[in-house]
2 protein chains.
Amino acid sequence: MARKDADQVAAPARLDGEEAAVRVAVLGCGNVGGALVATLLSDSDAIAQRSGVRLELVGVAVGDPARPRPGVPAALITGDAKGLVSDPRVDVVVELIGGVDPARGLVESALAAGKPVVTANKELLAAHGSALAEAAASVGLDLLYEAAVAGAIPLIRPLRESLAGEPIRRVMGIVNGTTNYILTTMSEEGVSYTQALAEAQRLGLAERDPSADVDGHDAAAKAAILAALAFHCDVVADDVPREGIATVAPVDISFAARLGYVVKLLAVVERTNGTGGKGTDTEVPEISVRVHPAMLPRTHPLAAVRGAFNAVFVEGDNAGELMLYGLGAGGRPTASAVLGDLIDAAHHLRSGSSARFVPRVRPRIRPTDDLRCAWYMNIDVVDRPGVLAAVAQLFGDNGVSIRSMEQVGLGDEARLIFLTHVAREGDVQRTLSGLRGLEVVDHVGGVLRVMGDEEEA
Amino acid sequence: MARKDADQVAAPARLDGEEAAVRVAVLGCGNVGGALVATLLSDSDAIAQRSGVRLELVGVAVGDPARPRPGVPAALITGDAKGLVSDPRVDVVVELIGGVDPARGLVESALAAGKPVVTANKELLAAHGSALAEAAASVGLDLLYEAAVAGAIPLIRPLRESLAGEPIRRVMGIVNGTTNYILTTMSEEGVSYTQALAEAQRLGLAERDPSADVDGHDAAAKAAILAALAFHCDVVADDVPREGIATVAPVDISFAARLGYVVKLLAVVERTNGTGGKGTDTEVPEISVRVHPAMLPRTHPLAAVRGAFNAVFVEGDNAGELMLYGLGAGGRPTASAVLGDLIDAAHHLRSGSSARFVPRVRPRIRPTDDLRCAWYMNIDVVDRPGVLAAVAQLFGDNGVSIRSMEQVGLGDEARLIFLTHVAREGDVQRTLSGLRGLEVVDHVGGVLRVMGDEEEA
């Protein structure tokens, strides 16, 4: 049935040949939807010339149809999203409402009606991405979402197509512009987290309630989508442990700088058993997926990603290191990624094909305690002989090897700045609780993972 | 006729369904071909699992079939490339011979025989890319070449698909790893061009005759391919003016550093009339395409691209700034890009579709004299009163406005380091010849374009 509808919809476009317009419905007319609608209305000729497909906007579903929208013909506006999706004049549906409901039902109805869907909805994909991808594949239709992760950056398509044969080891992303702006400002202007957050709010880069960004919820949803793409795994946002940036202190950012590092909030997805180079993909994949701040060497490509920019760093067995960089948010950049998908969907409708689908498997998620990386620790101790010995003893007893230690005098206290060698996270956590129990330790300050270092791997 | 063959070739794969292998012929077994052959022989299962297509290597054409090739079954080796291309057992042809002949004829025969082609051959594409693209489109077959520019970096597909609707303003690329390694070494180790080149040769990063790299020929071929993709223009390597890096002096690299800049060899392609946002694409496009060293601000994303890495920086009206970064050369990285294309071609054979084609137009090429950017100049003058006035006068007379000047004493000489505001190149060249004629000017040293600066645009 659905398949049948798909043919009925796709057929006219094919029959009418190159000049037939592909008719587009846009659900949601906020920041991104508004930019897309403006482009479709004003640049249709240029888009047709550049891409070979003519896109015709036939409807825009909004929450409040009464609200005036300058430049958008009233005839295109409707409050009835469900009706617009099922309108036979619509060939392709663009979902820019965001959130799980009602977006989920509308995407499902569009696919059931034989209409490919383009969406930028990371919450929906991080919760129900696998089911929706299967639904689309079962009727041979596109479900495209380049704009859902890292805005304008071409990322989904390279992962899904260019790297289709590549044994990917790890993907590390700066995928939240708000937190990257805050951390960049703290490091370049030496201000506190609170000051940097206030500045981001003043510039409209952070919400009044910033928790979705600063606590890592937004990055976690994107991490789940990246894991699904990089490893063909069924991963949801709830699988992703999060640490936010609210606890990152200026003192740790400046110690990091002295040691040659910068602090970034990273979404990390890693393959922790064979990357498949030699057929080991036949095992159930084991992966790690997480969001946390980390110290990166100043020379690491991600370290140069400043302000509200995003970047995703991919490590593959054959391709080596790749990075994709650009604007991760904003109406026009995000709309440009949606437009690229829309042109793809239109071409596929023409040829009766669709983006390929690789079934996803439920992976084993590696326990956090078993993850391995180097660590930075900032510890205040009483300044008297034998203290360092006691502290070092505790590291040793827990199997954590110290790479460097710097002592900073603080009157009758001393601050010890440690970098460890690569260690098991469980051992590091035991070391930290041991330190908190030591009578000579006044305070365990900043603790950060160190990634992207030569020592790794 | 060709179209008919295409159907005959494509049909079996479709009929046999998901498990039918797509049969691959590889022409050339050097650095890249050897890595691809090894991957196809050892990782076929993993690739099938990751990508949904099974690739079967059915033949490898080499110059010297007698030469032993460990790990490659002798039965696959042949000296008869033409015979292999026409072999009915072959579904897809991968051309990794390089150079224009005999590669061109082999690619044409493959397409005529209804077989999609994957190539990494920049010389061929920069000389005959438009004709070959039309030949492929006319029979509805793929001609894919992700590996021809910037090796492993997903670049062609993002430009052709993700940014299909984007009004691209400019593409600036570090697309030659040899010259980037040399410039990075000069700037980080303070050595001379000759020393850095010798080091690159010792590491196998530069040929014994390095002219193809250091004189910008390699970058010019890639610039032509980038221009064709970014602006749908028919541009060939001979359209691309080149300046190499042999004349870049350590003194200018260190002055650049003091001023907050790094020196990179850039391939630049720019749209110099309307970027089409408002339908102005209907004019014949006017573009600039060129290769030259340039100073970039230390904070520019391209400035962080070190050693043998490549990166391509794209500026669009809507997408904003994008950068794609990775390894631009090497057997395995380049083979990984070829593999991505091969999987694409296999999927397209299955679905009977092919990569879309947008006809290319012959653009107007903007005369170099009319290009506008800021400039750096290093000028030795006699050290006496009134000299600066005479020099400044000459700038003014030629309509070049000075942004900053620093005087460095050299005994009875003085060195003047100028940064200009954005100026017309013709005016700058007149200024330079005027300076060379001035009695008070002993020597006009390093002269470099300054790009990526706030002042631009």
Side-chain angles (χ1 to χ4, degrees), chain A residues 35 39 42-43 45-47 49-52 146 152-154 157-158 161-167 232 276-282 299 301 303-306 309 311 316 318-327 330 332-333 335-337 339-340 342-344 347-348 351-353 356-358, chain B residues 35 39 42-43 45-47 49-52 146 152-154 157-158 161-167 232 276-282 299 301 303-306 309 311 316 318-327 330 332-333 335-337 339-340 342-344 347-348 351-353 356-358:
Chain A
T39 300
S42 65
D43 300 350
D45 293 348
I47 291 168
Q49 193 194 21
R50 272 187 230 112
S51 68
E146 184 64 79
I153 306 175
R157 193 175 278 98
E161 297 176 16
S162 311
L163 298 171
E166 175 70 17
H232 306 303
K278 300 286 159 276
T280 50
D281 267 9
T282 48
T299 53
V305 178
R306 300 166 62 244
F309 277 89
N318 298 322
E321 301 182 344
L322 300 169
M323 188 172 79
L324 309 167
Y325 166 100
L327 287 167
R332 288 171 70 200
S336 109
L339 180 60
L342 198 45
I343 290 166
D344 242 22
H347 275 285
H348 288 153
S351 60
S353 63
R356 59 187 87 140
F357 168 73
V358 177
Chain B
T39 300
S42 66
D43 301 352
D45 292 348
I47 291 167
Q49 194 194 21
R50 272 187 232 114
S51 68
E146 184 65 78
I153 306 174
R157 192 176 278 96
E161 297 177 17
S162 311
L163 298 172
E166 175 70 17
H232 305 304
K278 302 286 160 274
T280 49
D281 268 9
T282 48
T299 52
V305 178
R306 302 166 61 243
F309 277 89
N318 298 322
E321 301 182 345
L322 299 169
M323 187 173 78
L324 310 167
Y325 166 100
L327 286 167
R332 288 172 69 200
S336 111
L339 180 59
L342 199 44
I343 290 166
D344 243 22
H347 275 286
H348 287 153
S351 60
S353 64
R356 61 189 82 143
F357 169 73
V358 176

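So you know, we letter chains A, B, ... as the sequences are listed, proteins then strands, and number each from 1. Only heavy atoms go into these numbers, but all of them, side chains included; no hydrogens, no water, no symmetry mates.
Across all non-hydrogen atoms, the minimal contact from G165(A) to R50(B) is O-NH1, 2.8 Å. The nearest pair of heavy atoms linking Q49(B) to V358(A) is O-CG1, 3.7 Å. Here the closest heavy-atom approach between residue A164(A) and residue S51(B) is recorded as O-CB, 4.0 Å. What you find for S336(B) and N318(A) is that their closest heavy atoms are CB-CB, 3.9 Å.
Put simply, the side chain of P158(B) reaches to within 4.5 Å of the side chain of P158(A), judged on heavy atoms.
The OG atom of S162(A) lies 11.5 Å from the CD1 atom of I153(B); values are rounded to the nearest 0.5 Å. Taking CG of L324(B) as the reference point, atom OH of Y325(A) lies at 12.0 Å (rounded to 0.5 Å). Expressed to the nearest 0.5 Å, how far NE2 of H348(A) lies from OG of S353(B) amounts to 6.5 Å.
For the side-chain contact (heavy atoms from CB on, under 4.5 Å) test, residues two or more places apart in sequence or in another chain that qualify with L327(B) are F309(B), P333(B). Take E161(A) and apply the salt bridge (charged side-chain N to carboxylate O under 4.0 Å, His left out) test, not counting sequence neighbours, and it matches R157(B).
Contact annotation for L339(B): only side-chain heavy atoms (C-beta onward) come within less than 4.5 Å of a heavy atom of chain A. Using a 4.5 Å cut-off between heavy atoms, A337(B) makes no contact with chain A at all.
Looking only at heavy-atom pairs under 4.5 Å with chain A, the residue among G326(B), A335(B), A304(B) that has the most is G326(B).
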